[in-house]
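The structure under discussion appears below in the form of structure tokens.
None of the values given here were measured: they were computed from a predicted structure. Throughout, a chain's letter reflects where its sequence line sits, starting with A, and its residues are numbered from 1.
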Amino acid sequence: MAKNITTQEKDYSQWYLDIIKEAKLAQHSPVRGCMVIRPNGFALWENMRDELDRMFKETGHENAYFPLFIPKSFLSKEAQHVEGFAKECAVITHSRLINSENGVDVDPTSKLEEELIVRPTSETIIWDTYRDWIQSYRDLPILINQWANVVRWEMRTRLFLRTMEFLWQEGHTAHATQVEAEEETRKMLEVYKTFAQDFMAMPVVTGVKTASERFAGAIDTYCIEALMQDGKALQAGTSHFLGQNFAKAFNVTFQDSDGQVKYVWASSWGVSTRLIGGLIMTHSDDHGLVLPPRLAPTQVVIVPIWKNEIERTTVLSYIASIRKELTDAGVRVKLDDRDNFKPGWKFTQYEVEGVPLRIAVGPRDAQNGNIELARRDTREKSIIPNENLGTFIPNLLEEIQSTLFNAALARRERDTHAANSYEEFKQILDEKGGFVYAHWDGTEETETRIKEETKATIRCIPFENPYPGKGKCMVTGNDSDQMVLFARSY
RNA sequence: CGGGGCGUAGCGCAGCCCGGUAGCGCAUCUGCUUUGGGAGCAGAGGGUCGCAGGUUCAAAUCCUGUCGCCCCGACCA
């Protein structure tokens with residue numbers, strides 16, 4: 001058992017923080033609610049980013065970059081949007097410091113004519129720009145993504161899950177027709193689902209948000225929802241059909257092939273460093289982080305073992321060919337031949353850091369033509385011959401990838417229930433947690449009441465319902481078209 | 001914004017009640033022995049005790065203020 005990691009059973013929240021600390025993913029910064037993403041965490045983010053970026057480009061998108069600062073007036077142009085973000089905007093009021101007895105002070109003479117907002121999201125400045133880019137239907141669609149940081153002044157923060165500044169991507173697309181914009185919204189949700197499941201090995205439910213959970217300024221918000229090990233849901237990504245709301249607010253029109261001037265249709269979609277929190281809470285255990293091989297910065301770590309200089313030379317030369325074979329096969333391999341840590345220490349450390357496979361090689365293995373192989377996911381250890389590792393190891397990494405997904409899927413299915421009455425609903429939430437499907441009459445009043453009484457929210461109205469069919473609302477008894485997905489959430 | 005906790009060596013903490021040479025563990029450096037699941041011994045370096053006032057011969061310790069961070073709840077990706 002790894003030292004310094006609180007068990008999940010004892011305190012899940014503390015366990016989560018311990019994992020981040022011990023796996024060196026991130027640390028708190030001197031600024032409240034902000035974090036330093038350490039090399040281990042950032043390498044993970046880079047792999048996620050690269051894969052998503054590839055998927056965005058395969059679906060026809062281009063990257064661009066828009067400013068960090070947004071004129072205050074832009075925020076006020078779309079009423080719903082303003083209302084949604086007004087409470088959490090950082091505002092820049094001055095441009096200069098002056099020396100003072102206290103060190104430095106804000107120079108009162110440097111007050112800005114128009115205050116600037118640090119972007120909480122970029123719809124406004126992007127749609128202000130799109131107005132210049134779009135005249136004709138021939139200018140459409142515009143399929144843009146940007147990788148950026150954004151700031152939302154949160155009351156309460158948690159590393160990765162909710163920080164005041166976070167990294168994300170935001171896609172912003174402009175289309176000639178409603179159908180096309182809606183298709184784009186759904187297409188990108190599918191991209192997120194594929195990424196979450198195939199790369200993060202994190203099963204997700206796709207669906208549409210209710211009005212109260214909808215993105216400010218959207219007509220519809222689609223989401224991927226994942227279920228964490230402690231039975232709480234995590235919104236892992238969102239995709240919004242924005243209708244013509246921003247086009248109207250920023251007067252973005254085009255002349256269509258029929259000669260008429262029309263407003264442009266829009267979508268936006270994003271995932272953030274929050275995904276790292278979801279990854280942690282999907283796979284990791286009391287021994288530390290567990291990373292899916294497809295995203296792990298290091299897929300295989302090789303730990304050599306020796307007693308003296310002769311053994312060291314023998315073992316390291318034996319390892320050299322193994323390392324080359326794996327590297328040639330496209331495996332991300334790290335050799336840790338440091339002499340100031342003992343093998344046992346390294347074993348534990350790489351386990352804590354979540355490296356999917358560990359190969360240990362000592363004099364005996366070099367002598368016998370073997371390697372010792374340890375899997376992080378099952379923690380099984382075996383001695384195998386040093387043969388065909390260039391095909392064996394990649395295959396094993398893929399097996400680990402699917403084992404992790406299957407385990408996460410089995411856990412989600414175990415923790416997914418259907419409630420046929422409000423009493424049963426509350427009982428499931430209190431005793432088991434997890435996803436709970438239940439009938440709801442479709443009104444905001446009922447939704448609010450359920451939230452106030454149980455702290456559970458409607459995560460989504462799922463596209464694929466495991467409990468299809470009409471029924472009666474568990475609270476009011478009114479008609480319900482289908483069960484919707486409830487959970488307590490992060 | 002409420003409730004709780006904490007600021008003392010790079011990290012984790014004790015010391016504070018009862019004022020009197022600033023300590024412990026880990027980490028770091030040196031040397032030797034070690035290396036198949038978080039090594040051992042010996043030695044060494046490292047501090048304006050969050051900040052500002054006050055009381056006192058004397059303040060990490062008592063008093064007053066102030067700043068910051070974390071955790072738990074009300075809003076949100």
Side-chain angles (χ1 to χ4, degrees), chain A residues 1-6 11 13-14 16-18 21-22 24 27-35 83-89 101-103 120-121 150-170 192 209 212-216 218 221 223-226 233-240 268-278 287-288 303-309 311-312 315 337-352 358-367 370-372 374 379 381 383 451-452 455 457 489-490:
Chain A
M1 178 68 61
K3 283 191 287 193
N4 310 324
I5 297 178
T6 307
D11 185 344
S13 179
Q14 188 59 48
Y16 175 77
L17 292 168
D18 289 346
K21 183 181 177 192
E22 296 300 317
K24 299 178 185 167
Q27 66 188 68
H28 291 287
S29 78
V31 183
R32 181 184 80 83
C34 295
M35 64 178 169
E83 200 182 319
F85 286 105
K87 285 180 288 185
E88 47 189 34
C89 285
E101 292 147 14
N102 308 324
T121 180
V150 287
V151 169
R152 295 181 188 176
W153 214 262
E154 299 287 351
M155 296 191 247
R156 188 149 129 56
T157 58
R158 289 167 66 82
L159 289 174
F160 290 117
L161 296 176
R162 179 171 293 105
T163 47
M164 297 223 298
E165 179 193 13
F166 56 93
L167 306 184
W168 77 343
Q169 57 71 215
E170 45 182 324
Y192 289 156
K209 289 287 189 188
S212 67
E213 300 277 331
R214 192 180 291 154
F215 174 74
T221 289
C223 63
I224 54 172
E225 291 283 327
L234 183 75
Q235 178 174 307
T238 49
S239 179
H240 315 291
S268 72
W269 27 274
V271 295
S272 72
T273 36
R274 166 178 262 201
L275 286 177
I276 294 175
H287 299 281
V303 178
I305 296 156
W306 66 75
K307 283 194 179 66
N308 53 51
E309 195 54 33
E311 286 185 356
R312 179 174 178 275
V315 165
D337 59 358
R338 290 177 297 177
D339 197 22
N340 53 334
F341 292 99
K342 294 183 66 173
W345 186 91
K346 294 177 186 175
F347 292 173
T348 312
Q349 187 57 36
Y350 290 111
E351 224 163 66
V352 170
R358 180 185 72 235
I359 292 175
V361 173
R364 286 203 300 274
D365 303 309
Q367 178 81 36
N370 291 330
I371 62 167
E372 183 195 83
R379 301 186 77 242
K381 225 158 61 165
I383 305 239
K451 183 178 177 181
E452 282 170 359
K455 300 203 192 303
T457 50
S489 72
Y490 278 100

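At the phosphate of B:G36, OP1 or OP2 sits under 4.0 Å from a side-chain N or O atom of A:K342. Neither OP1 nor OP2 of B:A77 sits under 4.0 Å from any side-chain N or O of A:R152. For the pair A:H28 and B:C69, the criterion of a side-chain N or O lying under 4.0 Å from OP1 or OP2 is not met. Side-chain N/O atoms of A:K209 include none lying less than 4.0 angstrom from OP1 or OP2 on B:A77. A sub-4.0 Å separation between OP1 or OP2 of B:C72 and a side-chain N or O of A:R158 is present.
When the nucleotides B:G73, B:G36, B:U35 are ranked by their closest atom to the side chain of A:A360, B:G36 comes out on top. When distances run from any side-chain atom of A:K451 to the nucleotides B:G37, B:C76, B:G38, the shortest one goes to B:C76. Of the candidates B:A74, B:C11, B:C76, B:A74 carries the atom nearest the A:R156 side chain, counting heavy atoms from C-beta on. Among the nucleotides B:A77, B:U35, B:G38, the one closest to any side-chain atom of A:Q349 is B:G38. Residue A:M155 places its side chain closer to B:C75 than to any other of B:G36, B:G12, B:C75. When distances are taken from the side chain of A:V352 to each of B:A77, B:C76, B:G38, the shortest belongs to B:G38. Looking at the side chain of A:K21, the nearest of the listed nucleotides B:G12, B:U34, B:G37 is B:G12.
Where A:Q14 and A:R358 each meet RNA chain B at their nearest nucleotide, the meeting point lying more 5' is that of A:R358. Heavy-atom nearest nucleotides on RNA chain B were determined for A:G362 and for A:C34, and the one closer to the 5' end corresponds to A:G362.
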Walk me through it: do A:F85 and A:F215 pass the test ring-ring contact (aromatic ring centres under 6.0 Å, His included)?
CA-CA 10 Å; A:F85 286 105; A:F215 174 74; 5.8 Å; yes

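When the C1' atom is compared between B:G47 and B:A22, the two are found 8 Å apart, to the nearest whole Å. B:G68 sits 16 Å from B:U8 when the C1' atoms are compared, rounded to a whole Å. The C1' atoms of B:G5 and B:G19 are separated by 26 Å, rounded to the nearest whole Å. Distance noted for atom C1' between B:G46 and B:C24: 15 Å (whole Å). Remark: the separation of the C1' atoms in B:G10 and B:C72 is 30 Å, to the nearest Å. Annotation: B:U64 and B:C18 have their P atoms spaced 15 Å apart (nearest Å). As rounded to the nearest Å, B:U48 and B:A44 have C1' atoms that lie 23 Å from one another. B:C63 sits 9 Å from B:C17 when the P atoms are compared, rounded to a whole Å.
Using a 4.0 Å heavy-atom cutoff across all strands shown, A:T163 reaches at least one base atom of the nucleic acid. Within 4.0 Å of A:S13, counting heavy atoms only, lie sugar-phosphate atoms of the nucleic acid but no base atom. Among the heavy atoms of the strands lying under 4.0 Å from A:E351 is at least one base atom, whether or not backbone atoms are also near. If you check every strand for non-hydrogen atoms under 4.0 Å, A:N308 touches nothing. No engagement by A:L234 is indicated, since no non-hydrogen atom pair under 4.0 Å with the nucleic acid exists. Here A:F166 lies in heavy-atom contact (under 4.0 Å) with a base. If you check every strand for non-hydrogen atoms under 4.0 Å, A:K346 touches nothing. Here A:G277 lies out of heavy-atom contact (under 4.0 Å) with every strand. Here A:R32 lies in heavy-atom contact (under 4.0 Å) with sugar-phosphate atoms only.
No hydrogens or angles were tested; on distance alone, a donor-acceptor pair under 3.5 Å links the side chain of A:K381 to the base of B:G37.
Rounding to whole angstrom units, CD of residue A:Q27 and C1' of B:G12 are separated by 14 Å. Going from atom OH of A:Y16 over to atom C1' of B:C72 covers 17 Å, rounded to whole Å. Summarising the geometry, the separation between CG on A:D339 and P on B:C29 is reported as 13 Å, rounded to the nearest angstrom. A:L161 has its CG atom 16 Å from the C1' atom of B:C70, to the nearest Å. Rounding to whole angstrom units, CZ of residue A:F347 and C1' of B:U35 are separated by 10 Å. Atom CD1 in A:I5 sits roughly 16 Å away from atom P in B:G38 (whole-Å rounding). Rounded to a whole Å, the CZ atom of A:R162 is 12 Å from the P atom of B:A74. For the pair A:E154 CD and B:A74 C1', the computed distance is 13 Å after rounding to whole Å.
If you check B:U35 for Watson-Crick or wobble pairing at under 3.5 angstrom, you find it has no partner at all. Base pairing annotation: B:C62 forms a Watson-Crick or G-U wobble pair with B:G54, both donor-acceptor distances under 3.5 Å. Base pairing of B:C6: its partner is B:G68, meeting the Watson-Crick or G-U wobble criterion (both donor-acceptor distances under 3.5 Å). The partner of B:C1 is B:G73, by the rule that a Watson-Crick or G-U pair needs both atom distances under 3.5 Å. The base-pairing partner of B:C24, taking Watson-Crick or G-U wobble contacts with both distances under 3.5 Å, is B:G12. Base pairing of B:G46: no nucleotide in any strand meets the Watson-Crick or G-U wobble criterion (both distances under 3.5 Å).
In this structure, A:M164 and A:T157 have side chains that are in contact, with non-hydrogen atoms separated by less than 4.5 Å. Taking the side chain as every heavy atom from C-beta outward, A:I5 and A:H287 never approach each other to under 4.5 Å. Looking at A:E170 and A:V150, their side chains come closer than 4.5 Å, going by heavy atoms from C-beta outward. In this structure, A:R358 and A:F347 have side chains that are in contact, with non-hydrogen atoms separated by less than 4.5 Å. A:Q349 places a side-chain heavy atom less than 4.5 Å from the side chain of A:K24. In this structure, the side chains of A:C223 and A:T238 come closer than 4.5 Å at one or more pairs of heavy atoms.
A:Q367 CD: 12 or fewer foreign heavy atoms inside a 6.0 Å radius.
Between A:W345 and A:F341, the angle of the ring planes stays under 30°, which puts this pair in the parallel group of the 30/60° scheme.
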